[in-house]
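Here is the structure we will look at, set down as structure tokens.
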There are 2 protein chains.
Amino acid sequence: MIEGTIVVLTGGVGGAKLVAGLADIVAPESMTAIVNTADDFTHLGLHISPDIDTLIYTLAGLANPKLGWGRADETWNFMEALTAIGGEDWFSLGDRDLAMHVERTRKLKAGEPLSAITRSLAAALGVKANIAPMTDQPVSTHVHTDSGTLAFQDYFVRQKCAPRVRSIAFTGADLASPSPRALAALRADDLAAIVIAPSNPWLSIDPILAVPGLAETLRSSAAPVVAVTPLPGGKAVKGPTAKIMEELGIPLNVQSIAAHYGSLIDGLLIDLTDPEPDGIAFARHDTIMKTHEDRVSVARAVIDLAGSL
Amino acid sequence: MIEGTIVVLTGGVGGAKLVAGLADIVAPESMTAIVNTADDFTHLGLHISPDIDTLIYTLAGLANPKLGWGRADETWNFMEALTAIGGEDWFSLGDRDLAMHVERTRKLKAGEPLSAITRSLAAALGVKANIAPMTDQPVSTHVHTDSGTLAFQDYFVRQKCAPRVRSIAFTGADLASPSPRALAALRADDLAAIVIAPSNPWLSIDPILAVPGLAETLRSSAAPVVAVTPLPGGKAVKGPTAKIMEELGIPLNVQSIAAHYGSLIDGLLIDLTDPEPDGIAFARHDTIMKTHEDRVSVARAVIDLAGSL
């Protein structure tokens, strides 16, 4: 156990693994995950928060390890029936998972902010760590591609990341403000470390940093800011990180990650297979997280790195 | 097969059985069911049309015979997950059934009228008979009881019809107009019969008749109007018909049914166990519909009665 509180900036799958590891080495109530909500979208009239749900399911022990999203022991009878009546079925919603979207949507319409809803959904599933949306306002990732501008889930799920990315925009970010719980966690007197999870920097972390006030708060924090590379050995573990970097003309190596975060971070946890990055404090570790032990081990390594700064 | 078209006024379960029987003896496309929508309500942000869905499921061969509502081979994982996160779970929604409510709600929000949505949902499930909501406007049954005024599903499902009924109101009916398909079916040149299904007259048929224009069109139609008693031998087959009649001070016999519809109907199909009603043409038949053969047999009897008038 370390002294003080921890904040983690995270997207979905990859980041959630590290958060699950951190939850084992810090008291869960001492940890706040600030989660990307720019992948949120309205589908079939339901407000879906993919990254928040991945965090909740992962920390609740309900995540589907095979799919990498959604719930374990899921059934798909809603989707089957929806397809039969001609509904839009490109985005799969499991029967149990649906409860989250229906309840979240109902509460949003009743005027509850997303952060309060997230807290109550997480608590109902026994999650003790704090899960805070980056903002309570709507922010939407749009991907400018060779095939035009696409809403994130259209790009990511419907088109399976096939179009070539030219640039990425976070619509609404300029008008958003950090969720009060995110800001409070970053400003806590006993904050010991700010961790940037090994999520896609361009798609998952940049939207968080695009919310006015969050990057500034990171920079002005007395606590060390440390990132875990999402690109061990220059390869993305899962998802389109490598493909997007190539399309944006960014070299596939750890130096690019260091350069991307620049002076925002004080240290970088690199993989055993990575070359030494220039101009940044770093530590080495096997950053591939296959087992829960791997997750805890990477969590320890990143906290040790923070402690050394 | 009879010549011409048929219109049936119906609520859910009991009425749907007769409609299923009629579908066997008339060409399905020659039959229009005008369905009560005053039981419709918004629950968890979803627009639920219980009677329309019962009709669609029954005619599609998908109805749940044990429950009397919802779909056969249903799973309940959404409900289980909803309960786990503290959602409102007094109204059960099956995983497959949910697809109807989600898709209907989405289409309503997109501006499609309920009658067009109903037609496309029914067609997608292979239903050839015409299923027309009584109106495309919102009408809501409210039950004035000893425990105050209750919305219909609150009375019917949450409170299991326990409160004593004093009177029943159809909020919004005065401002509603018949759905165009309902009106067109009632005005068809080749209309051979108008059948009032053995649904609850006070809760399921009265709201249809409360839509301005529908009762008038029945009265002015050249086609005979015939009803099937919902109270064989003075007992309700299922549901609160008998209880409500008692609470409203109405004797539990077929004469009360004849009196309720009065001059609106030209004939009444009574049960073998009923005494002869006064002042109305009638025919006798076993009106309990347990098997599909029973349904077809009752359907034949009511069409024969109409043909004799």
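Every heavy atom of this structure was used, including side-chain atoms; hydrogens, water molecules and symmetry mates were not. We name chains A, B, ... by the order of the sequence lines, and we start the count at 1 in each one.
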How close do A/G86 and B/E103 get, counting heavy atoms only, and between which atoms?
O-OE2, 4.2 Å

Once rounded to the nearest 0.5 Å, what's the spacing between atom CG of B/L82 and atom CG of A/L98?
10.0 Å

What's the spacing between B/R96 CZ and A/T75 OG1 if we round to 0.5 Å?
8.5 Å

Heavy-atom proximity to chain B below 4.5 Å, by part of A/M79:
neither

Determine whether more than 12 heavy atoms belonging to other residues, nucleotides or ligands lie under 6.0 Å from atom CZ of B/F152.
yes

For residues A/I85 and B/A99, report the shortest heavy-atom separation together with the two atoms involved.
CD1-O, 3.5 Å

For the OG1 atom of B/T42 and the CZ atom of A/R106, what is their distance to the nearest 0.5 Å?
13.0 Å

Quiz: residues 170-177 of chain B side-chain donor-acceptor pairs under 3.5 angstrom, not counting sequence neighbours:
| from | atom 1 | to | atom 2 | distance (Å) |
| --- | --- | --- | --- | --- |
| B/T171 | OG1 | B/S140 | O | 3.4 |
| B/T171 | OG1 | B/H142 | ND1 | 2.7 |
| B/S177 | OG | B/Q137 | OE1 | 3.1 |

Indicate yes or no: at least one non-hydrogen side-chain atom of A/F78 is less than 4.5 angstrom from one of B/N77.
no

Spatial distance of atom NZ (A/K109) from atom CG (B/L44) [nearest 0.5 Å]
11.0 Å

At what distance, to the nearest 0.5 angstrom, does CG of A/L93 lie from CG of B/D95?
12.0 Å

